[in-house]
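Remarks on the structure that follows.
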Amino acid sequence: METTDLIPSRTDDNESHPTARRIQRLSLHLTPAPRPLDRTDAQLQALTCASRAAKLNVDTKSLIVCMRGKHRDVQEKVFEFFNARPELQTPVEISKDDHRELCMRQLLALVREAGIRPFGYVAEDPAKYFAILEAVGSVDMSLGIKMGVQYSLWGGAVLNLGTKKHKDKYYDGIDNLEYPGCFAMTELHHGSNVQGIQTVATFDPITDEFIIDTPNDGAIKWWIGNAAVHGKFASVFAKLMLPTHDTKGVSDMGVHAFIVPIRDFKTHETLPGIEIHDCGHKIGLNGVDNGALRFRSVRIPRDNLLNRFGDVSRDGKYTSSLPSINKRFAATLGELVGGRVGLAYSSVSVLKVAATIAIRYSLLRQQFGPPKQPEVSILDYQSQQHKLMPMLASTYAFHFATLHLVEKYSEMKKSHDEQLVGDVHALSAGLKAYVTSYTAKSLSTCRESCGGHGYAAVNRFGILRNDHDIFQTFEGDNTVLLQQVAGDLLKQYKEKFRGGTLAVTWNYLRESMNTYLSQPNPVTARWESEDHLRDPKFQLDAFRYRTSRLLQSVAVRLNKHSKTLGSFGAWNRCLNHLLTLAESHIESVILEKLIENVKSCPDASSRAALKLVCDLYALDRIWNDIGTYRNVDYVAPNKAKAIHKLTEYLSFQVRNIAGELVDSFDLPDYVTRAPIAMQSEAYSQYTQYVGF
Ligand SMILES: Cc1cc2nc3c(=O)[nH]c(=O)nc-3n(C[C@H](O)[C@H](O)[C@H](O)COP(=O)(O)OP(=O)(O)OC[C@H]3O[C@@H](n4cnc5c(N)ncnc54)[C@H](O)[C@@H]3O)c2cc1C
């Protein structure tokens with residue numbers, strides 16, 4: 001059958017045959033540039049990259065299998081449930097209060113009607129929990145966050161910071177939503193600096209209770225999810241104060257978490273001593289009821305201390321297996337990294353949705369063309385490819401990197417291996433920061449690449465952008481998290497020179513730091529063949545070389561500046577350098593995981609597609625930072641030019657299979673649901689939406 005036979009026509013009989021129309025739609029999708037446009041396509045191709053572009057044949061079904069996580073079945077259950085329940089779907093226009101109520105109804109329905117019980121998986125099978133979170137977040141990101149607050153934050157605090165008595169008492173109520181709860185860590189004056197929080201929990205040995213107090217306005221708990229409307233409990237982070245017999249009167253044992261009931265179980269009235277206010281309308285995530293909490297001498301039983309890392313006896317004696325406040329604090333926060341893993345993972349899913357909408361629309365939309373010829377698809381413009389194809393490649397790269405993170409996190413939850421704990425901590429911080437920042441920027445690019453139609457709320461970019469934006473801040477501000485990665489790298493660097501062992505993620509430093517720090521080879525710096533540039537060894541070496549140089553140079557600078565500025569001042573003097581180092585390292589890890597997944601992909605056609613995507617990801621990143629490589633002569637001028645040309649060529653190649661690549665994300669129409677993503681039906685869907 002000729003491709004032209006499949007081009008939809010408004011007058012065609014097929015309009016009345018849904019099956020034929022569906023085939024047309026798919027054919028457009030699978031063969032993005034139909035016949036009449038092929039000539040134009042070739043012209044554009046000739047303009048950009050001579051005549052080398054043979055389109056790869058992609059078997060979408062096989063690629064879907066390569067991409068599919070282990071828990072697709074439960075995700076499908078979520079989609080089917082909400083698809084069948086239109087009254088539970090979030091409309092485009094909805095008030096804050098209605099949205100909050102709808103979100104609670106959605107969560108209750110998920111748990112009590114669809115029978116999906118996420119809490120059980122938080123500890124037992126985190127990969128399944130994150131898969132549910134991803135699916136639920138695609139239904140409505142507010143719902144994903146509401147679910148995360150209930151199970152990962154409030155529930156996670158009870159499971160991970162409490163002991164058996166807490167699990168026995170609270171598990172079922174958290175699981176079946178009888179105990180909706182909050183995670184109250186942030187205060188008005190302290191967000192990132194958790195150790196600076198001022199809420200206090202003072203032990204009263206006479207009544208065997210803790211007294212929770214907000215000592216000043218700056219200590220009001222702020223932004224607390226589930227607090228404004230639905231929460232009945234809060235896990236409150238406060239400084240534990242023990243009475244002493246010296247002149248000070250109390251001793252500060254550091255930040256601990258306490259279970260505090262905040263509303264009456266039956267009447268839902270706010271309990272005495274507690275004041276709750278609404279944080280109000282937000283830029284996004286308005287289905288989540290964020291509130292502010294103030295405590296005035298609120299008494300709770302001693303048992304409500306979540307006492308896994310530190311306990312207080314009946315007579316007021318403190319015990320802990322960990323020797324210092326700092327160690328206890330690190331252990332406490334270390335148990336909470338699951339939220340970060342979930343955000344990194346969910347952010348990739350947002351990127352998949354946005355990239356799918358933008359790419360499907362760009363394949364369909366036609367503007368301008370050579371004289372007297374049909375208009376061309378906007379994805380044939382080199383500039384549109386430049387905006388969207390490296391982003392598509394990055395989406396694939398992040399997909400595999402975050403799957404790896406989830407695997408490591410699950411392993412860590414089982415083994416509690418100390419080295420793995422450190423590794424997952426740094427990796428989750430780095431990936432969360434890197435991926436969420438990238439997605440946030442990409443959402444604007446996707447909107448822009450769909451022109452004016454990208455601005456219609458029904459096409460989803462606005463809500464995705466607004467809801468996702470805060471992913472860069474909560475569960476750890478990205479700039480702060482990247483510093484943790486840099487700090488960890490420096491620790492590993494010192495360790496290496498002491499001859500100690502390095503955590504798994506930093507293996508490459510152990511193996512070849514010296515190689516990377518030697519002078520670049522002037523011969524290989526000039527190699528420019530396609531085979532060489534597409535060799536994973538060249539690509540990984542280039543990434544690691546950059547990280548090693550950044551690491552060594554920042555270590556030297558820190559050492560120098562600390563003599564005059566002290567360690568805090570020196571760190572601040574080198575801060576941008578440190579952030580670049582952290583990003584560079586995370587990019588290396590992402591590339592490494594992508595290369596591994598290309599190699600292990602069992603299907604040849606999918607492997608070829610992934611290899612193409614991988615080369616584009618790697619060379620685009622190298623090209624973006626070409627100044628650094630040129631400065632140290634790692635890349636000679638002729639090689640830099642070759643990298644640039646090849647990146648454009650690869651973008652063009654990826655464009656040719658872009659339809660198949662986004663199909664392989666396997667997102668149901670229900671999730672992308674933007675009329676402009678509906679391929680050949682885009683305009684009719686869209687005009688219908690507007691009322692024609
Ligand atoms: C919608 C929403 C929901 C939330 N839900 C909850 C919740 O349920 N429970 C809860 O406890 N909290 C919650 N939070 C709070 C959230 O975790 C904090 O906002 C976050 O930790 C950042 O703290 P901050 O807002 O005080 O920012 P700050 O720490 O004041 O940061 C402001 C800016 O300063 C920069 N900065 C800060 N420190 C440094 C540094 N050392 N180096 C360089 N730059 C720095 C940051 O990069 C940032 O750009 C929520 C917040 C929002 C907006």
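Just so you know, ligand 1 is whichever comes first in the structure, and atom 1 is the first atom listed for that ligand.
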Can you say whether the rings of Phe471 and Phe474 are parallel (under 30°), tilted (30 to 60°) or perpendicular (over 60°)? tilted
Polar contact flag, side-chain donor to acceptor under 3.5 angstrom, Thr332-His256: no
Sorted by first residue and then second, give each side chain to side chain donor-acceptor pair (under 3.5 Å) pair with at least one member in residues 428-438; sequence neighbours left out. Ser394-Tyr438, Lys432-Asn478, Tyr434-Glu587, Tyr434-Arg621, Thr436-Asn478, Ser437-Asn478
For this output row, return yes or no: ring centroids of Tyr121 and Tyr151 closer than 6.0 angstrom. no
How about Tyr179 and Phe265: are their ring centres within less than 6.0 Å of each other? yes
Could you list each N/O atom of ligand 1 together with any protein N/O atom closer than 3.5 Å, one pair per line with the distance?
unit_1	atom_1	unit_2	atom_2	d
ligand 1	5 (N)	Trp223	O	2.9
ligand 1	8 (O)	Gly225	N	3.0
ligand 1	9 (N)	Phe183	O	2.7
ligand 1	11 (O)	Phe183	O	3.4
ligand 1	11 (O)	Met185	N	3.0
ligand 1	11 (O)	Thr186	N	2.8
ligand 1	11 (O)	Thr186	OG1	3.2
ligand 1	12 (N)	Thr186	OG1	2.7
ligand 1	23 (O)	Ser192	N	3.4
ligand 1	26 (O)	Gly191	N	3.3
ligand 1	29 (O)	Ser192	N	3.2
ligand 1	29 (O)	Ser192	OG	2.5
ligand 1	42 (N)	Gln483	NE2	3.0
ligand 1	47 (O)	Asp477	OD1	3.3
ligand 1	47 (O)	Asp477	OD2	2.6

Near Tyr455 OH, under 6.0 Å, is it more than 12 heavy atoms from other residues, nucleotides or ligands? no
